[in-house]
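Note sheet for the following structure.
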Protein chains: 2
Amino acid sequence: MRKVVSSGQPTIKEIAKRLNISVSTVSRALHDHHSIGLRTKARVQQLAAELGYERNQTAIFFQQGKTFTIGILLPELSEAFFSSAISGIEDTAYSNNYTVLLGQSHDDEAREKQIIQSFKQHRVDGCIVSIGKNTSNYDHFEMLRQAKIPVVFFDRIPDLPNIHSVSCNLESGTVQAVDFLLKKGHRCIGMINGPEQLMASKERAAGYIRALGKHRLKYDPELIVNADLTAAGTDAAMQHLLTLKRKVTAVVTFNDYVAMDAVQYALKQKLEINKDITFVSYANTPVSSYTAFPPAASVEQFPYEQGQAATNMLLDILNGTLPLNDYQQRIMESQLVLHT
Amino acid sequence: MRKVVSSGQPTIKEIAKRLNISVSTVSRALHDHHSIGLRTKARVQQLAAELGYERNQTAIFFQQGKTFTIGILLPELSEAFFSSAISGIEDTAYSNNYTVLLGQSHDDEAREKQIIQSFKQHRVDGCIVSIGKNTSNYDHFEMLRQAKIPVVFFDRIPDLPNIHSVSCNLESGTVQAVDFLLKKGHRCIGMINGPEQLMASKERAAGYIRALGKHRLKYDPELIVNADLTAAGTDAAMQHLLTLKRKVTAVVTFNDYVAMDAVQYALKQKLEINKDITFVSYANTPVSSYTAFPPAASVEQFPYEQGQAATNMLLDILNGTLPLNDYQQRIMESQLVLHT
DNA sequence: GCCAATTACGCAAACGCTTGCGTGGTTAAC
DNA sequence: GTTAACCACGCAAGCGTTTGCGTAATTGGC
């Protein structure tokens, strides 16, 4: 039999041989088991230290069927929102002795499936995932369910029954945002929303409509336009809004990038920001306050905290604190932040 | 013997039993081994598909002594520079069938050591690391070396002999930046640099001085000020520069955030940007182009590409293409990008 | 001084998979 | 008809660790 690898790392067996005791004794000594004599324990531990023994996690993972690893799948690692979330996830995973496996889907459904597959093969204990923009088939998550690998969806959550999720209540934040604009006297408020099928888009729209209702104002469907979040899409949306008969004096944009593109467009149309037209956005970049015309206010979604919350929920499931089939949808409150 | 886990996942053994053949045959059939008959192969593969068989990677990792996993340790996952780098790393790892394990040190040396320890126990095949600001002891990396786990340092590289590294030559970028300003006619150029001990600061200063030398200009030490990267520090630095007898008409700032703070300060002093004073910066945020007064130009460091390069170097080592002891320091060129 | 409890350790199986080698059986070459 | 080559498959070891159970030896209670 060929020895595949000679990592050179000392093993428990090595220690046993040198000390002329059995491997089980060594294993127990290393775990401070009560049935091992103090002398033996000391001898084992000392030799282990001398040899620089380190347990082979891969062996333990295999033997225990548990990896203390969670897979985290996000659309884009470099987006500020997600990178803050990763930070929150890693921090809480770390302090609970879990490790984090990472994958980015780039909003590509096929790649998303492959990564989930890879996570599953890696036998991760659980997953945290934010689905891609155009993911419409959820077979891969069904597989995870069958494999009894818990998943906590996060931010971009699929429209599925019986799932765990952590998300931000964008509806309430949107209500706050629209309220804010209404109180400032705006009566014709446009909204550049995201792709229709996105939950995030639905919530924004719902908040928008609810806020109008609160103030007994009629909702004009033409004022909400679904865009694709590209600069071109935003331009088209702006063009649509600015050519309506009623004059749009404020716009709620899907996120900061859209806001900035929209601002650029407005400037090209010789509009004066915060006078002719006011923008409110959803925060996803730390530097929007530095921009020339930052949105008058923005809805903060606390990505770091969402990451923490999702991880905690997953850990609760893994610990058995939270039953796997007790599906929880934790909805965190978003909050409108004024940019004076 | 207690069955620790009953994951329910079908195993190779299960398939063998059902088909009344040996596990080895099943294994080979699944690997499309030539010594297995077509009929058996088909039967095995079909049953495997039916059962939803999936190989247990943890078993394979353990058996093979290789995990196809690389550990990546960074100071702060949520910083734009690093999150782009992660993105580049994940992408190239993914396309080479490697998976990425993640850890952030928060510039805490103890945590850095723990994460490296964890990576080692996970038996990662290799590591990519950017060290913490105040890491001064390198024992943990020495351990990796002894365990024959290759490391590629990246961006923030330690002052050690015999290491692999990928970093960006900020000196050349700085020369370009100062060149640019000189060609525009500026003769009194200030620099708001970072903390003195940082390699990054030294390179910037060196580039500044070299560029002046190229043009046979005298270097005035008063024009380079070391700041702490906070808004207050930047204000103080600006104040210093603006009260010199010679009139500073351009400033090179440590990064985009400093630039934006400096711009704010200049505006408060009723200076006109790009007329009374011009800024050049080092890119570390994707949105600086949206700001009111973006720097006239900035030195791009290509974090995504650096991440790719580091990963490729690591993969070359793992493939044996690049000998482990053939230490390479890849220095990528930074590049001045004009923001017209 | 006898039985029970406790202490201190070893045996061996099991986790799932890969792989070198062995072994019949068939085919082809001369 | 003998030999060689090849085909198709099984055996079993081994990767490092954990753990239920068995077993001596020691101790303590009465």
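Chain A is the first sequence line, chain B the second, and so forth, proteins listed ahead of strands; every chain is numbered from 1.
Expressed to the nearest 0.5 Å, how far CD of A/Gln117 lies from CD of A/Gln114 amounts to 8.5 Å.
Atom CD1 in B/Ile12 sits about 13 Å away from atom C1' in C/dC15, given to the nearest Å. Note: CZ (A/Arg39) to C1' (D/dT26) measures 17 Å, nearest angstrom. Look at CD on B/Gln63: it is 11 Å from C1' on D/dA13, rounded to the nearest Å.
Taking a centre distance below 5.5 Å and an interplanar angle below 30 degrees as the stacking criterion, A/Phe62 does not stack against the six-membered base ring of D/dT17.
With D/dA12, D/dT17, C/dA12 as the choices, the nucleotide that has an atom nearest any side-chain atom of B/Val23 turns out to be D/dA12. Considering only the side chain of B/Ser22, D/dG10 comes nearest among D/dG10, C/dT18, D/dG16. For A/Ser24, the listed nucleotide lying nearest its side chain is C/dG10; candidates were C/dC17, D/dT18, C/dG10. The listed nucleotides are C/dC17, D/dG16, C/dT19; the one nearest the side chain of B/Gln64 is C/dT19. Closest approach to the B/His31 side chain among C/dT18, D/dA12, C/dA8 is made by C/dT18 (side chain taken as heavy atoms from C-beta onward).
Under the 6.0 Å cut-off for aromatic ring centres, A/Phe141 and A/Phe153 qualify, their centroids lying closer than that.
In this structure, A/Asp326 contributes its side chain and A/Leu322 its backbone to no donor-acceptor pair below 3.5 Å. At least one donor-acceptor pair under 3.5 Å links the side chain of A/Gln329 to the backbone N or O of A/Ile163.
Map A/Arg28 and B/Arg28 each onto its nearest nucleotide of DNA chain C; the residue landing nearer the 5' end is A/Arg28.
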